[in-house]
Each structure stands twice: as C-alpha cells, then as structure tokens.
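The structure under discussion appears below in the form of structure tokens.
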Amino acid sequence: MPELPEVEYVARQLRKELVGHRIRATVVSWPRSVSGLDPAEFATRMRDRLVDSVDRRGKYLLFALDDGNTLVVHRRMSGNLVLSPPAAADGYIRVAFALDDGRQLLYSDPRKFGRLALLEPGKLAARFAALGPEPLGDEFTPAVLGEQLAGRRRGLKMLLLDQLVVAGLGNIYADEALYRARLHPLRHGSDLTLEEVAALHAAIQGVLRTGIQHGGTTFGRHRDAYDEAGTNLDHLMVYRKTGLSCPHCGTPIQRIVVAQRGTHFCPSCQQLP
DNA sequence: CTATAAACCTGCTGGC
DNA sequence: TGCCAGCAGGTTTATA
C-alpha cells in the first residue's frame, strides 16, 4: 500500500532515471486506469513529451512535461511504477510508456484502483490546493500540526488518515506514528497537550523518514522503480502485529477497527485518559 | 462539522 | 486437502 515513503522512494529513483528523457508511444490496456481523458487522446497528448522534473505531493507522483502539463499518478492500493526490463510483463500492466532510449516505464496494478491523469497547470493547482501540509516539508512544524488538530473532535487515527490534515500518511504509518508518540488512536485531536502535539509531530516525521530509509514497506506487492521490495517491514512496531509483544513493555498488541480500518496499538503504552 | 457506508477491484487468508 | 466467503485498504461519492 503505497504511502508517502513508498511514493517518495520511487520518485527519487524515477527523477534520476527519467528527467531529460522523452516518452514515445503510450499503450493503455485498462482504460479506467486513465482518468479524465479518452485513452487514445491520452496517448496522443503524451507522445514525444520530455520529462522536465519528477516530484511528489502527498501520495501523488508528479511528472512535469515540456508542454506545461503534468502527469499525475496515484497508485492507491496495488499500483507500481517499474522501469523495464524486469522480465517485463507481470500480467497486470495497465499502462506502458516507451521511452526514447528503448526502456519502458510500466504501470502495473492488479486491483486497478490507481489512476493516471494529465492535468493543465490550473487544474493541477486546484487539485492540490486543499491537500494538507507536507509532513517532511519546512512548513510542517509542531505549531502547524497543532492548528490542524485544534477544535477537532474526531479521533487521532481518523485525523492522521485525512489527507487534508496531513498529506501522505496511510494506515501503516498512522498506526506507527501513534505508537511512537504513545497516543491512543481514539484520543480527540483537540485534547492533546502541547507536549503531546510535539511528540506526535516528531513521531510522524520519524516513521516516515525511517520508511524512506528502508525503501518503503512491502506488504505483498509494493515494489520500487527497479522492481525491488522495500525492507521497512522489519522496522514496524505495531502494524499487523496483533497479539505480539509490544517492543517497549511486552503487552500484546491489540487490534481494533476505526473507520472500517484495522488499527493496531499497545493498550498499555497508548492509553485513553 | 461529523460519521457512516458503498463503490472501485483482485489476491490472499482463514474457516469449515 | 479444497473450496469459498470475506478481508485488505486509498479515495471519492452518497447519505444522514
């Protein structure tokens, strides 16, 4: 499940590999993977475009093209962007881009949830205007996090998953951040002390940096641009560790369901007041 | 504002 | 061992 670390890691790889290269032919084999455009029109607009830059915003990958438009990719649950040749076809290729040097950029997505869109500058700005702050950016300070949580009666788990509160956290890193900050997932956003907000801020940045450092968390299908699995699974403390001992106190990790999502925490280290 | 649920999909797990 | 129901989760849309 690509979250910020998985997207950031791939963005860094693709920046190195794609900037300065042109896209030649585009083949869309699952039309719904492209949103907002007819697949044939999408292929036409992509033809001979030069990749000027590769960036990330939240869980979105952004490829700035030389005609001023931006290719936006969200991998959702099972999408991967992989450079060929890794024995190429895995049977789930939804979109394939042929590059000017013979390589291919393949979008593989078994569950077909991910989306590729081609956006003009105005639409790009509108799309991301409401998105929350970048948790690893300079603008994300404890005070900013405090503002985002102030007056919110929702639980912390829900708030952290809300991309308008903070951009890029998903189920894995939300659980890990709350564990690291020792905060119960059902604590109300508005109830935190200044110290707790500061701890959560540090925890969010910590778990994300750790994730990037280890190439992301591969639970099943996530692969980087070179088709390699990430190793951050070895560094998770609570996510999908129900019944296993808390690394800090030994209490069995508990699983509850919050907003239809599995939520893992230590009932001893993370208590409700 | 907040909460809840369904829809989009397919691979994998677990219960029998 | 084999089958199949249901789980898994990011986002959008709909409903209350």
Side-chain angles (χ1 to χ4, degrees), chain A residues 1-8 10-11 28-36 39 56-62 72-81 89-95 107-117 119 123-124 126-132 134-135 147-178 185-191 208 211 216-223 229-230 232-233 236 238-244 253 255-265:
Chain A
M1 305 126 245
E3 303 178 24
L4 187 151
E6 291 75 35
V7 180
E8 174 65 24
V10 169
V28 179
S29 44
W30 184 257
R32 297 187 64 162
S33 292
V34 174
S35 75
R56 178 194 57 74
R57 177 80 170 95
K59 301 172 192 170
Y60 295 85
L61 261 173
L62 311 175
V72 179
V73 179
H74 195 302
R75 298 155 56 197
R76 295 279 181 94
M77 300 300 304
S78 61
N80 283 316
L81 272 172
D90 63 0
Y92 303 111
I93 305 301
R94 310 305 180 193
V95 182
Y107 179 67
S108 162
D109 188 356
R111 295 184 65 177
K112 303 173 178 171
F113 278 3
R115 291 292 179 265
L116 283 66
L119 298 182
K123 296 200 170 179
L124 182 73
R127 173 75 67 92
F128 294 114
L131 208 57
E134 280 296 323
E147 285 170 25
Q148 294 293 86
L149 300 179
R152 302 298 210 110
R153 274 168 296 186
R154 303 159 80 192
L156 289 177
K157 177 64 183 285
M158 286 205 64
L159 289 166
L160 292 188
L161 288 177
D162 187 339
Q163 301 300 297
L164 309 187
V165 173
V166 184
L169 290 170
N171 214 32
I172 297 172
Y173 296 98
D175 281 4
E176 293 296 319
L178 289 172
L186 296 180
R187 287 282 300 278
H188 295 298
S190 53
D191 290 351
L208 294 177
T217 303
T218 294
F219 238 116
R221 317 204 84 92
H222 162 71
R223 294 292 183 279
N232 195 56
L233 191 60
L236 298 184
V238 290
Y239 184 76
R240 289 212 199 171
K241 297 195 180 289
T242 313
L244 300 180
I253 298 302
R255 180 186 187 274
I256 59 175
V257 176
V258 177
Q260 300 169 294
R261 288 180 186 89
T263 297
H264 314 75
F265 69 105

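None of the values given here were measured: they were computed from a predicted structure. Throughout, protein chains are lettered first and strands after them, A, B, ... in sequence-line order, and every chain is numbered starting at 1.
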Item checked: With A/Arg56 via salt bridge (charged side-chain N to carboxylate O under 4.0 Å, His left out) - residues at least two apart -> A/Glu8, A/Glu134
Note to self: A/His264: which residues meet the ring pair (Phe, Tyr, Trp, His ring centres under 6.0 Å) condition with it, sequence neighbours left out?
What the structure shows: A/Tyr239
Checklist line | Counterpart residues, side chain to side chain donor-acceptor pair (under 3.5 Å), relative to A/Arg76 (two or more places apart) | finding: none
Next item on the list: Name all residues meeting the side-chain contact (heavy atoms from CB on, under 4.5 Å) criterion together with A/Arg223; count only those two or more places apart in sequence or in a different chain, and write none if there are none.
Entry: A/Asn80, A/Thr218, A/Asp227, A/Ala229
Margin query: Generate the contact string for nucleotides 10-16 of chain C. Rules: B means base contact, S means sugar-phosphate contact only, - means no protein heavy atom under 4.0 Å.
Written below: BBS----
Item checked: DNA chain B: stems of at least 3 consecutive Watson-Crick or G-U pairs whose donor-acceptor distances fall under 3.5 Å -> B:2-8 with C:10-16, B:10-16 with C:2-8
Next item on the list: For nucleotides B/dA6 and C/dG6, find the distance between their C1' atoms and express it as a whole number of Å.
Entry: 16 Å
Margin query: Without decimals, in angstroms, what is the distance between A/Tyr239 OH and C/dC7 C1'?
Written below: 11 Å
Margin query: So, OP1 or OP2 of C/dA8: does either fall under 4.0 Å of a side-chain N or O from A/Arg240?
Written below: no
Check: If you find the nucleotide of DNA chain B closest to A/Arg153 and the one closest to A/Arg94, which residue's nucleotide is nearer the 5' end?
Finding: A/Arg153
Margin query: The criterion is side-chain contact (heavy atoms from CB on, under 4.5 Å); which residues satisfy it with A/Pro2, sequence neighbours excluded?
Written below: A/Glu6, A/Val7, A/Arg75
Note to self: Once you apply a heavy-atom cut-off of 4.0 Å, does A/Gly262 come out as touching a base, just sugar-phosphate, or nothing?
What the structure shows: sugar-phosphate
Next item on the list: Take the protein atom CE of A/Met158 and the nucleotide atom P of B/dA5, then report the distance between them rounded to whole Å.
Entry: 11 Å
Note to self: According to side chain to side chain donor-acceptor pair (under 3.5 Å), who are the partners of A/Ser108, at least two apart in sequence or on a separate chain?
What the structure shows: A/Asp90
Checklist line | Residues which pass ring pair (Phe, Tyr, Trp, His ring centres under 6.0 Å) with A/Tyr107, listed by chain and number, not counting sequence neighbours | finding: none
Margin query: I'd like to check the salt bridge (charged side-chain N to carboxylate O under 4.0 Å, His left out) partners of A/Arg261; sequence neighbours left out, ordered by chain and number.
Written below: none
Next item on the list: With P as the reference atom in both, quote the distance from B/dA5 to C/dC7 in angstrom, rounded to an integer.
Entry: 13 Å
Check: Base, sugar-phosphate alone, or nothing: which one does A/Arg115 contact when heavy atoms must sit under 4.0 Å apart?
Finding: nothing
Next item on the list: Whole angstrom is fine here: how far is it from CZ in A/Arg32 over to P in B/dC8?
Entry: 7 Å
Could you go over nucleotides 11-14 of chain B and give all protein N or O partners under 3.5 Å, atom names and distances?
unit_1 : atom_1 : unit_2   : atom_2 : d
B/dG11 : OP1    : A/Tyr92  : OH     : 2.8
B/dG11 : O3'    : A/Arg221 : NH1    : 3.3

Margin query: Just to verify, what does A/Lys59 make a salt bridge (charged side-chain N to carboxylate O under 4.0 Å, His left out) with, not counting sequence neighbours?
Written below: none
Notebook entry, point to check: Whole Å only: how far is the CZ atom of A/Arg152 from the C1' atom of B/dA3?
Noted result: 13 Å
Margin query: Rounding to an integer number of Å, can you tell me how far A/Asp109 CG sits from B/dT10 C1'?
Written below: 10 Å
Next item on the list: Could you tell me whether a side-chain N or O of A/Glu3 sits under 3.5 Å from a main-chain N or O of A/Tyr173, the two making a donor and an acceptor?
Entry: yes
Next item on the list: Evaluate the side-chain contact (heavy atoms from CB on, under 4.5 Å) criterion for residues A/His222 and A/Thr217: first the C-alpha distance (whole Å), next the side-chain angles of each, then the deciding distance (0.1 Å), finally the verdict.
Entry: CA-CA 7 Å; A/His222 162 71; A/Thr217 303; over 6 Å; no
